[in-house]
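Working notes, beginning with the structure itself.
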Amino acid sequence: MCKAAEVGKIVVNKCLDAEIFINTQKLQKLLVLMQVECIKRSGKPLFKEDIRVWDCGVAIKEVDDAFSEYGEGFSKKQDGFIILLEAEEESVNHIIKEYGNMDAFELNSLQCVQKVIQLGTIPDNATVPHIDSQILAGAFYYNDIT
């Protein structure tokens with residue numbers, strides 16, 4: 001099971017409940033911000049999947065694969081199979097409240113996201129930069145730049 005995609009379902013449902021537009025690209029950027037926020041709050045990542053730097057900005061391949069049909073936007077709730085821990089829930093709620101009304105381009109321009117992009121390195125047998133949760137933890141734990 002891909003935790004990032006499962007958290008993505010929760011995020012989609014929260015956005016739909018709050019009447020906030022959400023599509024696959026925006027979801028990925030919000031998840032990256034939530035990953036950083038969770039690390040800042042607890043020292044632990046929200047999910048283990050790598051963040052990648054694509055032409056469209058930060059992305060999570062597993063989330064892109066799971067939600068590729070929602071490029072134009074989500075209109076129905078998703079069936080989730082996990083419950084978030086308290087610190088995770090607080091991180092998710094904070095990011096939706098703070099950044100939920102921004103579009104994917106605006107989210108990609110945030111200082112925090114730009115710092116994540118700068119952390120990317122290209123692993124062997126890959127063509128795009130990756131950022132794993134350990135690198136993020138080293139860069140953001142106890143660092144408040146969001």
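We number each residue from 1, following the sequence as shown. Worth saying up front: this structure is predicted, and the values here are computed from it rather than measured.
- Note on Ile131: it does not cluster hydrophobically with Val128, by side-chain heavy-atom contacts below 4.5 Å among ILVMFWY residues.
- Residues Gly57 and Asn108 approach most closely at CA-ND2, 2.9 Å, considering heavy atoms.
- Side-chain heavy atoms closer than 4.5 Å link hydrophobic residues (I, L, V, M, F, W, Y) into clusters, and following such links, even through other members, never connects Phe105 to Leu33.
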**OP:** Could you go through the side-chain contact (heavy atoms from CB on, under 4.5 Å) check for Glu37 and Phe140 one step at a time?
**Re:** CA-CA 8 Å; Glu37 186 66 22; Phe140 288 101; over 6 Å; no
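- The line from NE2 of His94 to SG of Cys38 is 12.0 Å long, rounded to the nearest 0.5 Å.
- Smallest separation of non-hydrogen atoms from Leu31 and Phe47: O-CE2, 3.6 Å.
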**OP:** Test Phe81 against Lys9 for side-chain contact (heavy atoms from CB on, under 4.5 Å), laying out the working first.
**Re:** CA-CA 9 Å; Phe81 298 103; Lys9 292 175 183 179; 3.7 Å; yes
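- The existence of a salt bridge linking Lys14 and Glu89 is confirmed by a sub-4.0 Å separation between a basic side-chain nitrogen and an acidic carboxylate oxygen.
- The closest donor-acceptor contact from the side chain of Gln35 to the backbone of Leu46 lies under 3.5 Å.
- Counting only distance, with no hydrogens or angles, the side chain of Gln28 and the backbone of Ile60 share a donor-acceptor pair below 3.5 Å.
- A ring-centre distance under 6.0 Å is not found for Phe21 and Phe74.
- Cys15 approaches Leu30 most closely through the heavy-atom pair SG-CD1, 4.4 Å.
- Distance alone, capped at 3.5 Å, places no donor-acceptor pair between the Glu90 side chain and the Ala87 backbone.
- Remark: the backbone N or O of Tyr70 is paired with a side-chain donor or acceptor of Thr24 at under 3.5 angstrom.
- To the nearest 0.5 Å, atoms CG (Leu110) and OH (Tyr99) are separated by 5.5 Å.
- The only option from Gln78, Glu6, Met34, Lys26 that meets the side chain to side chain contact (heavy atoms under 4.5 Å, CB included) definition with Val11 turns out to be Met34.
- Nearest heavy-atom pair, Ala5 versus Val63, reported as atom, atom and distance to 0.1 Å: N-CG2, 3.8 Å.
- In this structure, Asp103 CG and Ile22 CD1 are separated by 11.5 Å, a value rounded to the nearest 0.5 Å.
- Cluster annotation: Trp54 is not connected to Leu27 through the hydrophobic network of ILVMFWY side chains, with a link wherever side-chain heavy atoms come within less than 4.5 Å.
- Residues Ser91 and Arg41 share a closest heavy-atom pair of OG-CD, 3.2 Å.
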**OP:** Apply side-chain contact (heavy atoms from CB on, under 4.5 Å) to the pair Thr127 and Ile122, showing each step before the final yes or no.
**Re:** CA-CA 6 Å; Thr127 58; Ile122 300 176; 5.9 Å; no
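- In this structure the side chain of Ser109 never reaches within 4.5 angstrom of the side chain of Lys29, judged on heavy atoms.
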Original post:
Can you check side-chain contact (heavy atoms from CB on, under 4.5 Å) on Ile51 and Leu136, steps first, answer last?
Top reply: CA-CA 10 Å; Ile51 295 166; Leu136 287 175; 3.4 Å; yes
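- For Glu106 against Asn101, the heavy-atom pair with the smallest separation is OE1-O, 4.5 Å.
- Not one N or O on the side chain of Asp50 forms a donor-acceptor pair closer than 3.5 Å with the backbone of Ser133.
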Original post:
Stepwise, does the salt bridge (charged side-chain N to carboxylate O under 4.0 Å, His left out) test hold for Lys48 with Glu62?
Top reply: CA-CA 11 Å; Lys48 296 289 185 194; Glu62 295 82 357; over 6 Å; no
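- Applying the 6.0 Å contact sphere to CG of Asp17 captures more than 12 heavy atoms from other residues, nucleotides or ligands.
- A donor-acceptor pair under 3.5 Å is absent between the side-chain atoms of Glu98 and the main chain of Ile95, judged by distance alone.
- With respect to Glu49 and Lys3, no salt bridge is recorded, no charged nitrogen being found less than 4.0 Å from a carboxylate O.
- Electrostatic pairing of Asp64 and Arg52 does not count as a salt bridge here, judged by no charged N lying under 4.0 Å from a carboxylate O.
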